[in-house]
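Because only heavy atoms are used, hydrogens play no part in the values below, and waters and symmetry mates are left out as well, while side chains stay in.
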Amino acid sequence: MNATKQKRKPLECETAIAIKVDKVVEKHKMKKYFHLEVKQEHLAYVRGKSAIQRSAELDGVYAIRTSLKEVPPSNKSIVLDYKRLSAVESAFRSMRNISLKIRPIHHRRKKRVQAHVFLCMLAYYVEYHLRKELAGSI
């Protein structure tokens, strides 16, 4: 480990080394796949084969949970609605930046905040239908 051999402020105690290693492993979300052992100027690690195998089995599998209780929709409609959610989130981002250029307006009164949100949603609604019409005419 380079941090233990650097000239300026080298890591010497096991705790400092463990904290540094933990930060790096957590940054890359790999802690669950390794068993780490930190000693003075020594780092030993073993791959967690069972955790790696479990992760490989679930690779590419997503679970979507819904709070709908009354009418259980089909799995296809739940997935479709989830995919549409990303389009709505993208619309909120573009409302403020790209296409509509609606900048943040700071209101203090409740009615004005509601009116501002209503106008933003109305603008998105118009944009959505225009895009849909233009896509159909091409």
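Across Asp22 and Lys31, no two heavy atoms sit closer than the pair OD1-NZ, 2.8 Å. Closest approach of Tyr33 to Ala51, counting heavy atoms only: CE2-O, 3.7 Å.
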Verdict with supporting geometry, Tyr45 and Glu37, side-chain contact (heavy atoms from CB on, under 4.5 Å): CA-CA 6 Å; Tyr45 62 92; Glu37 183 181 338; over 6 Å; no
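Atoms NZ and CD, from Lys32 and Glu26 in turn, are 10.0 Å apart once rounded to the nearest 0.5 Å. Rounded to the nearest 0.5 Å, atoms NZ (Lys49) and NE2 (His35) are 10.5 Å apart.
Among the candidates Asp81, Ile78, Asn75, the single residue satisfying the side-chain contact (heavy atoms from CB on, under 4.5 Å) test with Ile64 is Ile78.
Hydrophobic cluster membership differs between Ile19 and Val38, with clusters built from Ile, Leu, Val, Met, Phe, Trp and Tyr side chains linked at under 4.5 angstrom. The cluster map of Ile, Leu, Val, Met, Phe, Trp and Tyr, joined by side-chain heavy atoms under 4.5 Å apart, puts Ile52 and Leu36 in the same cluster. Note on Leu119: it does not cluster hydrophobically with Val126, by side-chain heavy-atom contacts below 4.5 Å among ILVMFWY residues.
Proximity of His116 to Arg112: side-chain heavy atoms (C-beta onward) are nowhere separated by under 4.5 Å.
Counting heavy-atom neighbours within 6.0 Å of Tyr82 OH, excluding the residue itself, gives a total of 12 or less.
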